[in-house]
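This is a predicted model, so every value here is computed, not measured. Note on naming: letters A, B, ... go to the chains in the order of the sequence lines (proteins, then strands), and numbering restarts at 1 for each one.
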Amino acid sequence: GESVGLHLPTLSVQEGDNSIINCAYSNSASDYFIWYKQESGKGPQFIIDIRSNMDKRQGQRVTVLLNKTVKHLSLQIAATQPGDSAVYFCAENTDGNKLVFGAGTILRVKS
Amino acid sequence: DVKVTQSSRYLVKRTGEKVFLECVQDMDHENMFWYRQDPGLGLRLIYFSYDVKMKEKGDIPEGYSVSREKKERFSLILESASTNQTSMYLCASSLYVFNTEAFFGQGTRLTVV
């Protein structure tokens, strides 16, 4: 069936270090993926997306990598800052206009 | 900036009450969505709408209905609230049908007692 999951529910990193958040997806037909950040008390906020015809996309301090062979998605955050502390969700577009979300990973940044 | 506004941040309702959650977006988006968010389960799609008066069931539509009379407004209705509907409800909108990001509201935390 369609599902998106995360390897690590909680990730703690030191301020200034790089963070890597991982996500596994099961639907090989998915052709669009998004990473969202959700801070406490707020709705999810778009970070970066990637289409299945790409394997890497970079934004400001963030990079998303897509490995279709093993159905794996990762979000890399460079020089992690306290303001990056949040829950991060990956989502896949599986059926046209439906996004399927993973359970989320908590990122905690230690100062 | 896209703005998706949910009418309430917090709601407390009694079992059996009819509950309306309202959502408005200001960017003329075609698609609107209602999700519920529960710890460890991520966001699960309840209903979505790709046009006025059109609606489609998501993954967990039981116990819910929706209304989209105007393009900018999408309402989620709990016909008879139950305690297992206590959750965070998130509304979202997106411009295109395929492969595009969704913009979320701030969420409504509903408690059914």
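- Residue B/R44: no heavy atom, backbone or side chain, is found under 4.5 Å from chain A.
- Heavy atoms from other residues, nucleotides or ligands lying under 6.0 Å from CZ of A/R108 number 12 at most.
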- Kindly determine whether A/Y36 and B/F104 satisfy side chain to side chain contact (heavy atoms under 4.5 Å, CB included), including the steps that lead there. CA-CA 10 Å; A/Y36 282 93; B/F104 284 84; 3.7 Å; yes

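- Considering CZ of B/F33 and CG of A/L99, their distance stands at 6.5 Å, rounded to 0.5 Å.
- Summarising the geometry of B/E101 relative to A/I34, their closest heavy-atom pair is CA-CD1, 3.6 Å, with the distance given to 0.1 Å.
- Under a hydrophobic-cluster definition in which Ile, Leu, Val, Met, Phe, Trp and Tyr are linked whenever side-chain heavy atoms come within less than 4.5 Å, directly or via other members, B/F48 and B/L21 are assigned to different clusters.
- Considering CG of B/L90 and CD of A/Q38, their distance stands at 6.0 Å, rounded to 0.5 Å.
- The cluster map of Ile, Leu, Val, Met, Phe, Trp and Tyr, joined by side-chain heavy atoms under 4.5 Å apart, puts B/L76 and B/V24 in different clusters.
- Contact annotation for A/Q45: neither backbone nor side-chain heavy atoms come within less than 4.5 Å of a heavy atom of chain B.
- Criterion: ILVMFWY side-chain heavy atoms under 4.5 Å apart, direct or through other members. Under it, A/L65 and A/V62 are not part of a common hydrophobic cluster.
- Hydrophobic clustering of Ile, Leu, Val, Met, Phe, Trp and Tyr side chains at less than 4.5 Å, counting indirect connections, unites B/V66 with B/M32.
- In the hydrophobic clustering of this structure, A/L11 groups with A/L75; members are Ile, Leu, Val, Met, Phe, Trp, Tyr whose side-chain heavy atoms approach within less than 4.5 Å, directly or through other members.
- For B/E56, no part lies under 4.5 angstrom from a heavy atom of chain A.
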